[in-house]
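Data first, discussion second: the structure below is written as structure tokens.
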Amino acid sequence: MSLYIKRGGYEMDFKKEIAQKISLLTDMELEKVLDLIETPPQKNMGDYAFPCFQLAKVMRKAPNMIAAELAAKVQPDNVVEKAEPAGGYLNFFINKGEYIKEIIYEVLAQGEQFGSSDMGKDKNVVVEFSSPNIAKPFHVGHLYTTVIGNAIEKIYKHLGYNTIKMNHLGDWGTQFGKLISAYKRWGDEAVIEKDPINELLKIYVKFHEEAEKDPALEDEARNYFKKLEDSDPEAVALWQKFRDLSLKEFMELYKKLNISFDSFAGESFYSDKMGEVVEILKEKNLLKDSNGAKIVDLEQFNIPPCMILKSDGATIYATRDLATALYRKRTYDFYKNVYVVGGTQSLHFQQIFSTLGLMGFEWHKDCIHVSTSLVKFADKKLSTRKGDVIFAKDVVNEAIHKTLEVIDIKNANLENKEEVAKMVGIGALLYAFLKNSRDKDVIFTWEDTLSFEGESGPYVQYTYVRGKSILRRAGQVAETADYSFLQSDDEFQLVKLLGGFKDALKEAADRYEPFVVTRHITEIAKAYNKIYNSHPILNAEANVKNARLHLTKAVCTVIYTGLKLVGIETPESM
RNA sequence: GCGCCUGUAGCUCAGUUGGAUAGAGCAACGGACUUCUAAUCCGUGUGCCAGGGGUUCGACUCCCUUCAGGCGCACCA
């Protein structure tokens, strides 16, 4: 499957080789064996284990007997060093020398392409993420889906998928009528130019306060939104202005985070594409009247109905999302259409996907809501309930600022401090969102989020920096090395982790869980640091030194690639 | 009331489509820098895996149920 062709003409897959041996000995299908093979809980138990319990039923023998019999039949070769029975398990010890050679060679040959695949060839994957609302603050909560979506897209791309990054801006809806109304009443041009989102939010909040006293404002706002929908020049111009100003601020943030998009087609883009959705629904006789509104009944799925038209005949966000899905299918003919959006909207997506199914679109099964949990605040002072929203840009700036302070303590003579502080500070911040599964809330505290110790972004970056430092000092590294000089178990365990990188990527893609990659490269970093502290590299005997330099290079490559795939940049020094 | 998510060490979390003695980081304590960047490493403890049933050779994992917390439940997005 890999693009990489080994000198011998094939790429050795140790697990598969072992499965083939078992398959031959037991008459069990290769796929089944591969499925059963697992990793022993302790490293002294071997590298792969085959549980014999299922065979026990068929063969009507005790599992430990079967394991013993199979073990006797396994001959040592360049794949397997030995096989030992252990209770009902048959444990395999792989040929370490061959394995180490195989993996390091592969990493060095492929470089940053290591772990890539052609499994996604000719398959389009739409990834929608970030999607902030125009004229509203981009707060830390938005960072969650932004960071997760960005990582998912990169991982899929690495696996060969053709990805389309979509920022589905919240740039349409009745709130724009309110905003126009508020702007015309209290808008201060100068202030808005200077600090657009803050000021727009301020007048938006003021609108709601005033509207409580004077309900006529609501009518005014409705009227302005109607004008906007009817392409009234003034309304459109104001809407465009708000959109441009907001987007400009968002772009500054994306630039800092090194995140880009292929499309900013937001809700407004689909505002004229909803007629067809309504037509199809009518045609299929799916629309029902309910208190004057038009809905699609979803009782068969045991969920509340999906509203399509409000009682005043206007469309609603569900209508827009249906139009969006339709447009994406036609434009991109997606293999998967992924929505990285907060879990609070999971019912909404269930309704959309179910409705698409009722409309007869089989591809509704390819639409996936990748939900994120909440960002919470341990420090009560930062609670949103008190109106104290934490802006993403403030957190980013604080992260950089704090990192700069640490650099001044740890490495005051560092050259490009600002640039490094940016990579490390943001790395620490992003890592906080990338280290755990999506359905866990992110507890935001300045202390933990901007942590530089233990399992953290800087920890992994630091490991890379140490490795690179050694490579720089070493100067020219020989083309070839004799890896049989990598004798320690620590080194073997590290190489196994490097070899497991591909599986981590695939698992992360399958589960839409970037943390699988984050965690894996953190394990690699731990394993390398352990060696770093206990085995000399530059001062080792020539052959050992050379082999360890190759290993170091491979580690750096995988860490760099892994961090890149979750959206974290890595400095050369820190 | 209904639906979805969560519940594992003092804290924050992993636990590979059911497998062997449930693991990390943080916090605490004790060690390691004339030597490759100590943002590091090594060592020391802790678990009614929320409770109760069930499925089977085997359950943190699957099913049922109870409890606790969170998020949703049509004219906002």
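Computed from heavy atoms alone, side chains included, the values below leave out hydrogens, waters and symmetry copies. All values reported here derive from a predicted model rather than from experimental measurement.
Within the 4.0 angstrom heavy-atom criterion, base atoms lie near A/Thr39. Heavy atoms of A/Pro304 sit under 4.0 angstrom from primed sugar atoms or phosphate atoms, though from no base atom. Within 4.0 Å (heavy atoms only), A/Asp441 reaches sugar-phosphate atoms of the nucleic acid but no base atom. Note on A/Gly87: nothing from the nucleic acid sits closer than 4.0 angstrom, heavy atoms only. If you check every strand for non-hydrogen atoms under 4.0 Å, A/Thr174 touches sugar and phosphate atoms only. Across all strands, A/Leu374 comes closer than 4.0 Å only to sugar-phosphate atoms, never to a base (heavy-atom distances). Across all strands, A/His208 comes closer than 4.0 Å to no nucleic acid atom at all (heavy-atom distances). Residue contacts shown for A/Ile295 include a base, since a base heavy atom lies under 4.0 Å away. Counting any heavy atom pair closer than 4.0 Å across all strands shown, A/Arg438 reaches no nucleic acid atom. Across all strands shown, A/Lys526 has heavy atoms under 4.0 Å from sugar-phosphate atoms exclusively, and none from any base. In this structure, A/Ala56 reaches neither bases nor backbone, as no heavy-atom distance under 4.0 Å exists between it and the strands shown. If you check every strand for non-hydrogen atoms under 4.0 Å, A/Gln345 touches a base. Residue contacts for A/Asn91: at a heavy-atom cut-off of 4.0 Å it reaches a base atom on one of the strands shown. When heavy atoms are screened at a 4.0 angstrom cut-off, A/Tyr459 is found touching the sugar-phosphate backbone but no base atom.
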A/Glu218 vs A/Arg222, salt bridge (charged side-chain N to carboxylate O under 4.0 Å, His left out): CA-CA, chis, key distance, verdict: CA-CA 6 Å; A/Glu218 297 281 357; A/Arg222 244 189 300 278; 5.1 Å; no
Verdict with reasoning, A/Glu220 to A/Lys178, per salt bridge (charged side-chain N to carboxylate O under 4.0 Å, His left out): CA-CA 8 Å; A/Glu220 183 180 298; A/Lys178 294 175 184 175; over 6 Å; no
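Base pairing analysis places B/U12 opposite B/A24; the two distances defining the Watson-Crick or G-U wobble pair are each below 3.5 Å. The pairing partner recorded for B/G1 is B/C73, the criterion being a Watson-Crick or G-U wobble arrangement whose two distances lie under 3.5 angstrom. Pairing of B/G7, defined by two Watson-Crick or G-U wobble distances under 3.5 Å, is identified with B/C67. Pair check for B/C62 finds B/G54; Watson-Crick or G-U wobble, both atom distances under 3.5 Å. Within the shown strands, B/G31 is the pairing partner of B/C41 under the Watson-Crick or G-U definition, both distances less than 3.5 Å. Across all strands shown, B/C36 forms no Watson-Crick or G-U wobble pair with both distances under 3.5 Å.
When the C1' atom is used for both B/G18 and B/U56, the distance is 10 Å, rounded to whole Å. One C1' atom belongs to B/A22, the other to B/C60, and the distance between them is 8 Å to the nearest Å. A distance of about 47 Å separates the C1' atoms of B/C48 and B/U37, rounded to the whole Å. Here the separation of B/U65 from B/C49, taken at their P atoms, is 22 Å to the nearest Å. Here the separation of B/G30 from B/A38, taken at their P atoms, is 22 Å to the nearest Å. For the C1' atom pair drawn from B/C71 and B/C11, the interatomic distance equals 24 Å after rounding to whole Å. Comparing the C1' positions of B/G47 and B/G1 gives an interatomic distance of 37 Å, to the nearest angstrom. Going from the C1' atom of B/A59 to that of B/C75 covers 47 Å, rounded to whole Å.
Following rounding to the nearest Å, A/Tyr464 (OH) and B/U37 (C1') show an atom-to-atom distance of 15 Å. Atom CZ of A/Phe207 is separated from atom C1' of B/C76 by 13 Å (rounded to the nearest Å).
Within the structure, a side-chain polar atom (N or O) of A/Arg511 is placed less than 4.0 Å from OP1 or OP2 of B/G15. Look at A/Arg548 and you won't find any side-chain N or O under 4.0 angstrom from OP1 or OP2 of B/C36. Distances shown here put a side-chain N or O of A/Ser437 below 4.0 Å from the OP1 or OP2 atom of B/A14. Checking the phosphate oxygens (OP1, OP2) of B/G7, a side-chain nitrogen or oxygen of A/Lys440 falls inside 4.0 Å. Between A/Lys410 and the phosphate of B/A39, there is a side-chain N or O to OP1/OP2 separation shorter than 4.0 Å. The phosphate of B/U37 has OP1 or OP2 within less than 4.0 Å of a side-chain N or O from A/Arg473. Of the side-chain N and O atoms in A/Lys310, one or more sit less than 4.0 angstrom from OP1 or OP2 of B/C76. Taking 4.0 angstrom as the limit, A/Tyr532 places a side-chain polar atom (N or O) nearer than this to OP1 or OP2 of B/A38. Contact check, A/Ser469 against B/U37: a side-chain N or O comes under 4.0 Å of OP1 or OP2.
Minimum atom distance to the side chain of A/Leu347 is reached by B/C73, of the listed B/C71, B/U37, B/C73. Of the candidates B/G15, B/A20, B/C13, B/G15 carries the atom nearest the A/Phe515 side chain, counting heavy atoms from C-beta on.
Ring geometry for A/Phe269 versus A/Tyr327: interplanar angle over 60°, hence perpendicular rather than tilted (30 to 60°).
Applying side-chain contact (heavy atoms from CB on, under 4.5 Å) to A/Ile308 and the options A/Leu287, A/Thr315, A/Ile295 leaves one that passes, A/Leu287. Screening A/Met274, A/Lys273, A/His168 for a side-chain contact (heavy atoms from CB on, under 4.5 Å) with A/Arg320, the sole residue that qualifies is A/Met274. Of the candidates A/Phe129, A/Tyr512, A/Phe353, A/Tyr339 forms a ring pair (Phe, Tyr, Trp, His ring centres under 6.0 Å) with just one, namely A/Phe353.
Here the CG-NZ distance, from A/Asn539 to A/Lys545, works out to 8.0 Å after rounding to the nearest 0.5 Å.
Shown here, B/C57 is classed anti by the O4'-C1'-N9-C4 or O4'-C1'-N1-C2 angle, which is more than 90° from 0.
Heavy-atom distances to RNA chain B give each of A/Tyr48 and A/Val424 a nearest nucleotide, and the one nearer the 5′ end belongs to A/Tyr48. If A/Ser451 and A/Pro536 are placed on RNA chain B by their nearest nucleotide, the residue sitting closer to the 5' end is A/Ser451.
Residue A/Ser290 places a side-chain atom within donor-acceptor reach of the base of B/A74, judged by atom type and a 3.5 Å distance cut-off alone. Evaluation of atom-type donor-acceptor distances gives a pair under 3.5 Å for the side chain of A/Ser311 against the base of B/C75. Residue side chain A/Asp448 does not reach the base of B/A27 through any donor-acceptor N/O pair under 3.5 Å, judged by distance alone.
Under the 3.5 Å distance criterion, with hydrogens and angles disregarded, a donor-acceptor pair is assigned to the side chains of A/Tyr431 and A/Thr522.
Proximity of a side-chain donor or acceptor of A/Asn91 to a complementary backbone N or O of A/Gly46 within less than 3.5 Å is not detected.
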